[in-house]
Student: 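Okay, here's the structure, questions in a sec.
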2 protein chains.
Amino acid sequence: MANSKLYKGSLTTIILKLLSEHNKMYGYEITQKVKALTKGELQITEGALYPSLHKLESDGLLEVEVAKVDNRLRKYYKLTEKGSKETVSKLEELEQYLATLQALLNPKLSF
Amino acid sequence: MANSKLYKGSLTTIILKLLSEHNKMYGYEITQKVKALTKGELQITEGALYPSLHKLESDGLLEVEVAKVDNRLRKYYKLTEKGSKETVSKLEELEQYLATLQALLNPKLSF
DNA sequence: AATATATACATAAATTTCTTATGCATATAA
DNA sequence: TTATATGCATAAGAAATTTATGTATATATT
């Protein structure tokens with residue numbers, strides 16, 4: 001089954017939401033979690049993920065903690081306080097957008 | 001109220017869906033219809049709309065009919081047969097994505 | 001009469017976000 | 001020894017959008 005294309009803007013929200021539930025995660029873990037939760041429907045590519053994580057970090061929404069497990073590098077990310085607030089507003093923004101889409105695509109239900 | 005940003009890929013689907021319900025529409029009409037249906041939440045900019053319409057036309061999904069009303073130009077767009085089919089698959093694709101997002105953002109509900 | 005707003009089209013430059021293609025390195029399975 | 005999985009990263013290109021302009025007519029406002 002072909003996997004869904006990512007819609008612009010949703011990746012950041014997905015990352016933040018996962019981190020709000022799992023305390024700390026590393027990049028590769030995020031790709032696997034998304035794959036599992038969506039039954040393979042959505043594959044986060046590394047080319048999209050890592051730059052996003054870096055941007056979230058430089059924006060002060062995430063903080064990093066480097067660890068070495070089985071002789072391999074891991075970069076654990078966790079939400080900062082600012083990141084937690086941003087998660088709330090990003091989720092609201094996304095839910096608002098989904099409601100707006102409903103109004104457009106299912107106009108009969110929205111009055 | 002700040003209006004929602006457009007998520008990548010949804011504009012084309014919105015245009016196609018509106019045209020599947022209204023037979024023929026012109027560009028400015030589409031911007032007003034979207035604004036009305038979403039109570040101002042979503043504003044389709046002309047810089048996004050017109051290039052999209054041109055692309056849909058050159059892809060054979062829309063056909064154009066030029067009219068002059070009140071001494072002003074209007075370009076009415078309507079779905080071709082190919083466009084009608086594409087509308088169906090685009091809507092399925094979007095609904096699939098929304099379901100995938102649900103699985104990610106509301107994991108408790110998806111099992 | 002002048003000015004602003006609404007109607008109606010269009011395009012170019014810049015930005016954002018993502019895909020695709022690489023690259024490096026270690027561990028494990030075939 | 002070769003492929004797959006784990007784990008990071010970045011660069012080039014593509015795609016879709018925003019922002020900024022531009023043209024033109026009609027109507028409402030000052």
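Both backbone and side-chain heavy atoms feed into the values below; hydrogens, waters and symmetry mates do not.
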Student: Take atom CD of A:Q32 and atom P of D:dA5, then tell me their distance rounded to the nearest Å.
Tutor: 9 Å
Student: Closest approach to the side chain of B:L73, judged atom by atom: which nucleotide of D:dA16, D:dT17, C:dC9 is it?
Tutor: C:dC9
Student: By nearest heavy atom, map A:S10 and B:G47 onto DNA chain C; which one lands nearer the 5' end?
Tutor: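 The residue whose closest nucleotide sits nearer the 5' end is B:G47.
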Student: So which nucleotide from C:dT7, D:dT17, D:dT19 ends up closest to the side chain of B:T45?
Tutor: D:dT19
Student: State whether B:Y50 places a side-chain N or O below 4.0 Å from either non-bridging phosphate oxygen (OP1 or OP2) of C:dA10.
Tutor: no
Student: Here's a test for you: under side chain to side chain contact (heavy atoms under 4.5 Å, CB included), which of A:L98, A:T100, A:L94 qualifies with A:Q96?
Tutor: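 With A:Q96 as partner, A:L98, A:T100, A:L94 yield a single side chain to side chain contact (heavy atoms under 4.5 Å, CB included), made by A:T100.
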Student: Do A:V88 and A:I14 land in one hydrophobic cluster if side-chain heavy atoms of ILVMFWY residues count as linked below 4.5 Å?
Tutor: no
Student: 5'-most contact on DNA chain C: A:A48 or B:A48, nearest heavy atom basis?
Tutor: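 Nearest nucleotide further toward 5': that of B:A48.
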Student: Respond yes when some side-chain nitrogen or oxygen of A:Y26 is under 4.0 Å from OP1 or OP2 of D:dG7, and no when none is.
Tutor: yes
Student: According to a strict under-4.0 Å criterion, is B:N71 in side-chain N/O contact with OP1 or OP2 of D:dA26?
Tutor: yes
Student: Under 4.0 Å: is that the gap between some side-chain N or O of A:R72 and OP1 or OP2 of C:dT26?
Tutor: no
Student: To the nearest angstrom, how far is A:K90 atom NZ from C:dT17 atom C1'?
Tutor: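 So the NZ-C1' distance, A:K90 to C:dT17, works out to 11 Å.
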Student: Base, sugar-phosphate, or nothing for B:G27, non-hydrogen atoms under 4.0 angstrom?
Tutor: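 Counting heavy atoms under 4.0 Å across all strands, the contact made by B:G27 is with sugar-phosphate only.
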Student: Give a yes/no on whether any side-chain N or O of B:H54 is located under 4.0 angstrom from OP1 or OP2 of C:dC9.
Tutor: no
Student: Which listed nucleotide (D:dT18, D:dG7, D:dA26) is nearest to the side chain of A:E46?
Tutor: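 From the listed options, D:dG7 comes nearest.
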Student: Would you mind telling me which residue lines up with the more 5' stretch of DNA chain D, A:K8 or A:Y28, judged by nearest nucleotide?
Tutor: A:Y28
Student: Using a cut-off of less than 4.0 Å, is there contact between a side-chain N or O of B:K75 and OP1 or OP2 of C:dA10?
Tutor: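 The answer is yes; a side-chain N or O of B:K75 sits under 4.0 Å from OP1 or OP2.
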Student: Starting from C1' on C:dT11, measure out to CG on B:L53 and report it in whole angstrom.
Tutor: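 Result: 14 Å.
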Student: Looking only at non-hydrogen atoms, find the nearest pair between B:L62 and B:T80 and report the distance.
Tutor: C-CG2, 3.8 Å
Student: Can you tell if the side chain of B:H22 reaches within under 4.5 Å of the side chain of B:E29, non-hydrogen atoms only?
Tutor: no
Student: Return the value, rounded to whole Å, for the distance between atom CZ of B:R74 and atom C1' of D:dT25.
Tutor: 13 Å
Student: Take the protein atom OH of B:Y7 and the nucleotide atom P of C:dT17, then report the distance between them rounded to whole Å.
Tutor: 10 Å
Student: Please identify which of these residues, B:L91, B:L18, B:L37, meets the side chain to side chain contact (heavy atoms under 4.5 Å, CB included) condition with A:L105.
Tutor: B:L91
